[in-house]
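All remarks here apply to the structure that follows.
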Amino acid sequence: MEQAAFTLRGRNPDVLTCIANLSNDEVFTPPEFANRMLDTVAQAWAADHGGANLWADKSVRFLDPCTKSGVFLREITRRLVTGLAGEIPDLEERVEHILTRQVYGIAITHLTSLLARRSLYCSKHAQGRHSIARSFQHDAGNIWFERLEHTWNETKCQFCGAPRAILARNKDIENYAYAFIHTDNVAEHVAKMFGGNMQFDVIVGNPPYQMKGGAGGTSDSSIYHLFVEQAIRLEPRYLSMVIPSRWLAGGRGMDDFRNTMLTDRHISHLVDYTKMSTAFPGVDFEGGVGYFLWGREYQGEAQYTLFQGEHRQPTIRRDLGAQDTFVRDHRALGILERVQRFREPTMDQVISGDTPFGLPTNFSDFKDSAFPDSVSLYRTERGRRLVVHTRRTNIKKNTHLIDAWKVLFPEAYGERGAIPALVLGPSIVAPPGSVCTQTYLLAGPLVTREQAVSLQRYSKSRFFRFLVSLRKITQHALRSTYSWVPQQSWDRDWTDELLFEKYGINGDEKGFIESMIRPMAEGDE
């Protein structure tokens with residue numbers, strides 16, 4: 001078919017490399033990146049099927065459950081058109097078979113459903129005059145979208161955690177009730193979408209990453225893991241999704257997901273980019289991004305490939321569940337294991353939890369000058385560090401720490417994957433009679449100023465910040481981020497030279513740490 005041949009052959013420029021992203025959390029997948037993922041799937045298929053070509057099998061079904069631009073479906077179709085040429089010689093018949101029986105998508109919004117159909121069928125209407133498909137009975141074709149409503153409890157959607165106050169609104173406005181994750185029985189739900197029981201061999205996609213306000217107030221909640229979990233419930237042979245790398249080390253409510261994914265040994269490949277823009281040019285958020293290949297029948301170690309900034313490291317085999325938090329750079333494991341052999345108490349035991357004095361970042365009951373029975377309050381406003389004063393009676397939490405020496409650590413500090421990194425923002429030695437807002441965590445209580453200065457100097461060492469970096473994958477550094485950093489005696493000026501000698505860190509290891517962590521200037525206090 002001349003029209004299909006024109007549409008499906010490679011052209012330059014590719015329009016899907018030019019469209020703007022919906023947001024940093026709903027990112028269009030570049031065609032080149034999508035093809036890397038599909039190459040990984042095809043290689044695994046061949047390895048498991050005696051060298052067979054995935055793209056030459058007319059019985060295989062593919063699903064993108066979170067389609068946006070339609071790039072995965074388009075590239076799958078392009079490969080099948082080539083691979084099935086021998087079995088279905090007639091191009092028109094081949095294209096019709098692929099589009100109606102092999103490739104399926106669930107769009108995340110009405111707009112992306114139209115975009116995906118345009119990418120796949122060359123028309124936003126599957127039955128349209130310009131569509132390269134001919135036998136669909138409805139305009140959606142195999143790219144499903146219908147507006148769903150959230151299922152509200154008192155404040156949130158029971159499926160995705162969307163905040164009712166923000167999204168229970170005008171029905172003409174997008175409500176982000178993504179169909180794939182808004183059901184207790186995904187197999188039954190998908191069967192209704194496509195008109196029959198569906199068993200997909202390959203599920204691939206790039207899900208939305210966050211739900212606005214899902215964690216309360218202005219804090220967003222992760223939802224990408226919900227797409228992964230639903231896809232696994234469909235029991236495909238292979239599942240590959242691109243998701244933020246922060247799942248490897250942190251994230252509110254991600255502990256069960258991380259534990260399952262890292263320890264069930266179904267992941268055969270994991271490709272990890274510490275810098276988001278290396279994978280998705282023009283997109284920038286903290287923690288990086290990566291994709292995995294999950295195999296229903298696979299059990300074993302994973303082939304792990306790390307892109308440290310722009311540099312690709314050699315692929316190695318890794319036991320993903322060796323630690324409760326995945327250490328992205330395997331060169332760090334030997335250092336960590338040597339430090340842990342000392343079995344010393346760790347810094348998370350002396351560092352506070354979130355909001356140490358119960359005062360949120362936007363706390364406003366303060367004055368610029370001291371007044372009777374006031375305490376100093378460390379806070380930030382538009383990136384500026386300020387010391388103001390508030391009533392002692394406003395402090396209801398950790399009151400025993402008010403009149404102790406302590407060291408304040410910024411709860412958030414981002415560098416967008418820069419190497420070498422500072423990892424942490426400058427700390428503050430805070431005297432007795434002081435508190436802080438949620439902007440900071442604190443280490444204490446400490447008895448003297450000398451102890452506080454000793455701890456602060458330790459925190460400025462490359463050694464300290466290197467161990468923090470192994471658990472800090474986003475801008476946030478919560479108490480658990482410090483759980484691999486050993487405590488010291490607070491009676492000396494801890495330098496990297498003393499620390500490297502104490503823990504037996506050799507020249508190559510020292511060079512590695514120095515290549516990853518840049519020095520913190522004396523003025524960074």
At their closest point, which heavy atom of [X] faces which heavy atom of [Y], and how far apart are they?
{"X": "Ser427", "Y": "Ser459", "answer": "OG-OG, 3.7 Å"}
{"X": "Ala231", "Y": "Met241", "answer": "CB-CE, 4.1 Å"}
{"X": "Gly353", "Y": "Leu441", "answer": "O-CD2, 3.4 Å"}
{"X": "Ser461", "Y": "Asp496", "answer": "CB-OD1, 3.5 Å"}
{"X": "Pro420", "Y": "Arg518", "answer": "O-NH1, 3.1 Å"}
{"X": "Phe409", "Y": "Leu455", "answer": "CZ-CD2, 3.9 Å"}

Are [X] and [Y] packed together at the side-chain level, in the sense that at least one heavy-atom pair is separated by less than 4.5 angstrom?
{"X": "Val468", "Y": "Leu424", "value": "yes"}
{"X": "Leu293", "Y": "Tyr238", "value": "yes"}
{"X": "Leu63", "Y": "Val202", "value": "no"}
{"X": "Ile143", "Y": "Leu73", "value": "yes"}
{"X": "Leu442", "Y": "Val407", "value": "no"}
{"X": "Arg61", "Y": "Tyr104", "value": "yes"}
{"X": "Phe180", "Y": "Leu234", "value": "yes"}
{"X": "Leu320", "Y": "Phe326", "value": "yes"}

Are [X] and [Y] close enough that a side-chain donor and a side-chain acceptor fall under 3.5 Å?
{"X": "Ser483", "Y": "Arg471", "result": "yes"}
{"X": "Thr439", "Y": "Thr380", "result": "yes"}
{"X": "Tyr209", "Y": "Asn206", "result": "yes"}
{"X": "Asn142", "Y": "Arg117", "result": "no"}

| said: Counting only heavy atoms from other residues, nucleotides and ligands, does the tally under 6.0 Å from CG of Asp354 exceed 12? | reply: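 Enclosed.
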| request: Verify whether the ring centers belonging to Tyr178 and Phe159 lie closer than 6.0 Å. | output: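 Judged by ring-centre distance (under 6.0 Å), Tyr178 and Phe159 do not meet the cut-off.
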| Under 6.0 Å between ring centres, would you say that holds for Trp247 and Phe227? |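 Judged by ring-centre distance (under 6.0 Å), Trp247 and Phe227 do not meet the cut-off.
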At what distance, to the nearest 0.5 angstrom, does [atom1] of [X] lie from [atom2] of [Y]?
{"X": "Arg385", "Y": "Ile428", "atom1": "CZ", "atom2": "CD1", "answer": "4.0 Å"}
{"X": "Gln323", "Y": "Leu262", "atom1": "CD", "atom2": "CG", "answer": "11.0 Å"}
{"X": "Leu359", "Y": "Thr355", "atom1": "CG", "atom2": "OG1", "answer": "8.5 Å"}
{"X": "Ser119", "Y": "Glu75", "atom1": "OG", "atom2": "CD", "answer": "9.5 Å"}
{"X": "Leu54", "Y": "Gln43", "atom1": "CG", "atom2": "CD", "answer": "11.0 Å"}
{"X": "Ile106", "Y": "Ser113", "atom1": "CD1", "atom2": "OG", "answer": "12.5 Å"}

Counting distance only, does the side-chain N/O of [X] pair as donor-acceptor with the main-chain N or O of [Y] below 3.5 Å?
{"X": "Gln487", "Y": "Thr346", "answer": "yes"}
{"X": "Arg457", "Y": "Trp494", "answer": "no"}
{"X": "Lys460", "Y": "Pro519", "answer": "no"}
{"X": "Asn175", "Y": "Leu167", "answer": "no"}
{"X": "Asn259", "Y": "Asp255", "answer": "no"}
{"X": "Arg164", "Y": "Lys156", "answer": "no"}
{"X": "Ser268", "Y": "Gly295", "answer": "no"}
{"X": "Lys472", "Y": "Thr474", "answer": "yes"}
{"X": "Thr112", "Y": "Thr109", "answer": "yes"}
{"X": "Arg312", "Y": "Leu306", "answer": "no"}

| task | Could you point out which residue of Asp272, Asp329, Thr305 forms a side-chain hydrogen bond (donor to acceptor under 3.5 Å, both in side chains) with Gln313? | result |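 Per the side-chain hydrogen bond (donor to acceptor under 3.5 Å, both in side chains) rule, the option paired with Gln313 is Asp329, out of Asp272, Asp329, Thr305.
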| said: Before you tell me yes or no, could you show the steps for Ile243 and Phe292 under side chain to side chain contact (heavy atoms under 4.5 Å, CB included), namely the whole-Å CA-CA distance, both residues' side-chain angles and the distance that decides it to 0.1 Å? | reply: CA-CA 9 Å; Ile243 57 178; Phe292 64 86; 3.9 Å; yes
| request: Could you tell me how the ring of Phe200 sits relative to the ring of Phe194: parallel (under 30°), tilted (30 to 60°) or perpendicular (over 60°)? | output: perpendicular
| task | Any chance you could lay out the side chain to side chain contact (heavy atoms under 4.5 Å, CB included) test for Ser469 and Ile517, step after step, and finish with the verdict? | result | CA-CA 9 Å; Ser469 76; Ile517 309 297; 4.2 Å; yes
| query | Under a 4.0 Å N-O cut-off, is there an ion pair linking Glu509 with Arg338? | reply |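 Arg338 and Glu509: salt-bridged.
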| Taking only residues at least two apart or on different chains, which pairs with a member in residues 36-48 satisfy salt bridge (charged side-chain N to carboxylate O under 4.0 Å, His left out)? | Glu32-Arg36, Asp39-Arg79
| query | If you look only at pairs with a residue in residues 224-241, which of them pass as a salt bridge (charged side-chain N to carboxylate O under 4.0 Å, His left out), with sequence neighbours excluded? | reply | Asp201-Arg237
| request: Not counting sequence neighbours, list each pair that qualifies as a side chain to side chain donor-acceptor pair (under 3.5 Å) and has a residue in residues 288-303. | output: Thr40-Tyr291, His266-Gln299, Tyr298-Arg317
| request: Given side chain to side chain contact (heavy atoms under 4.5 Å, CB included), test Thr325 with Leu248 step by step and report yes or no. | output: CA-CA 6 Å; Thr325 292; Leu248 293 168; over 6 Å; no
| request: Report the C-alpha separation of Ser245 and Met276 in whole Å, then their side-chain angles, then the decisive distance to 0.1 Å, and conclude whether the side chain to side chain contact (heavy atoms under 4.5 Å, CB included) test is met. | output: CA-CA 9 Å; Ser245 293; Met276 179 73 177; over 6 Å; no
| Between Phe72, Phe28, Tyr273, which is the residue that forms a ring pair (Phe, Tyr, Trp, His ring centres under 6.0 Å) with Phe33? |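 It is Tyr273, the one option of Phe72, Phe28, Tyr273 that forms the ring pair (Phe, Tyr, Trp, His ring centres under 6.0 Å) with Phe33.
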